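Let me begin by presenting the structure, written as structure tokens, before commenting on it.
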Amino acid sequence: MEHILDETVPAEDLKKFEQKYHEELQHGKVSSSSQFEYSWCLVRSRYPADVRKGIILLEDLFQNRDETNKRDYLYYLAVGNTKLKEYATALKYIRALLQVEPGNRQAQELEVIASKRLEKDGMVGMAVAGGAAVAVGGLVGLGLLAVGRQIMKK
């Protein structure tokens with residue numbers, strides 16, 4: 001399952017779907033399929049800015065377009081947010097998908113990955129914050145020690 005998070009879109013695919021999307025956009029009407037294909041490529045990009053753009057397009061599809069492909073929109077919204085390390089948001093989309101399709105194995109596997117990464121990042125964040133607190137406490141202690149010595153010399 002983790003391969004989907006590491007998979008990158010070939011540049012020629014991205015160009016092809018981007019061109020199709022922009023051609024339709026210039027004519028005033030982008031089809032759901034063109035917007036999905038382009039957003040699907042963007043979410044699979046190695047560049048975070050592309051992934052964010054793909055997420056925006058997918059959110060638009062999810063909120064404003066046909067009901068038939070909402071499962072795909074939710075899934076790739078979860079993939080994109082997981083790639084951006086927005087695990088809480090990814091889990092929101094995964095759980096919404098699992099409410100509709102409780103047996104969806106891809107979503108179940110992605111939920112496990114996102115949950116583990118959220119937990120891991122949370123622990124790393126706590127360790128960094130704890131280390132910073134110890135460092136600040138040490139500096140304050142040294143400052144107080146220096147002030148105390150200055151007072152004792154007088």
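Just so we're clear, the structure is a prediction, and the values are computed from it rather than from any experiment.
- Residue Leu42 is not grouped with residue Ile55 when hydrophobic side chains (ILVMFWY) are merged at heavy-atom distances under 4.5 angstrom, including chains of intermediate members.
- Atoms CG and CG, from Leu74 and Leu61 in turn, are 11.5 Å apart once rounded to the nearest 0.5 Å.
- The CG atom of Asn69 sits 12.0 Å away from the CD atom of Gln35 when rounded to the nearest 0.5 Å.
- Residue Ile113 is grouped with residue Leu91 when hydrophobic side chains (ILVMFWY) are merged at heavy-atom distances under 4.5 angstrom, including chains of intermediate members.
- A pairwise comparison of heavy atoms in Gln106 and Asn104 identifies N-OD1, 3.1 Å as the closest pair.
- Between Glu109 and Arg105 there is a salt bridge, with a side-chain nitrogen of the basic residue lying less than 4.0 Å from a carboxylate oxygen of the acidic one.
- From Ser115, atom OG reaches atom NZ of Lys120 across 14.5 Å, with rounding to the nearest 0.5 Å.
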For residues 19-32, please give each side-chain donor-acceptor pair under 3.5 Å, one per line with the distance, not counting sequence neighbours.
| from | atom 1 | to | atom 2 | distance (Å) |
| --- | --- | --- | --- | --- |
| Gln19 | NE2 | Glu23 | OE2 | 3.2 |
| Lys20 | NZ | Glu37 | OE1 | 3.2 |
| Glu24 | OE1 | Ser31 | N | 2.7 |
| Glu24 | OE1 | Ser31 | OG | 3.2 |
| Glu24 | OE1 | Ser34 | OG | 3.2 |
| Glu24 | OE2 | Ser34 | OG | 2.6 |
| His27 | ND1 | Glu23 | O | 2.7 |
| Ser31 | OG | Ser33 | OG | 3.3 |
| Ser31 | OG | Ser34 | N | 3.1 |
| Ser31 | OG | Ser34 | OG | 3.0 |
| Ser32 | OG | Arg65 | NH1 | 3.2 |

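- Taking the side chain to side chain donor-acceptor pair (under 3.5 Å) definition, one finds that Lys53 meets it with Tyr38, sequence neighbours left out.
- In this structure Asp13 satisfies the side chain to side chain donor-acceptor pair (under 3.5 Å) test with no other residue, sequence neighbours excluded.
- Applying the ring pair (Phe, Tyr, Trp, His ring centres under 6.0 Å) test to Tyr73 and every residue at least two apart in sequence or in another chain returns Phe36.
- Residues passing the side chain to side chain donor-acceptor pair (under 3.5 Å) test with Arg46: none are found, sequence neighbours excluded.
- Contacts of Glu59 classified as salt bridge (Lys or Arg N to Asp or Glu O under 4.0 Å), with partners at least two apart in sequence or in another chain: none.
- Among residues two or more places apart in sequence or in another chain, the salt bridge (Lys or Arg N to Asp or Glu O under 4.0 Å) test is passed with Lys70 by Glu67.
- Distance check: Leu14 CG to Lys16 NZ gives 11.0 Å after rounding to the nearest 0.5 Å.
- Closest heavy-atom contact between Gly54 and Ser39: O-CB, 3.5 Å.
- Interatomic distance, SG of Cys41 versus CG of Leu57, reported as 11.5 Å (0.5 Å rounding).
- Screening residues 76-92 for side chain to side chain donor-acceptor pair (under 3.5 Å), with sequence neighbours left out, gives Trp40-Tyr76.
- At least one side-chain heavy atom of Leu110 sits under 4.5 Å from a side-chain heavy atom of Leu5.
- To the nearest 0.5 Å, atom CD1 of residue Ile94 and atom CG of residue Leu77 are 10.5 Å apart.
- The cluster map of Ile, Leu, Val, Met, Phe, Trp and Tyr, joined by side-chain heavy atoms under 4.5 Å apart, puts Val43 and Val9 in different clusters.
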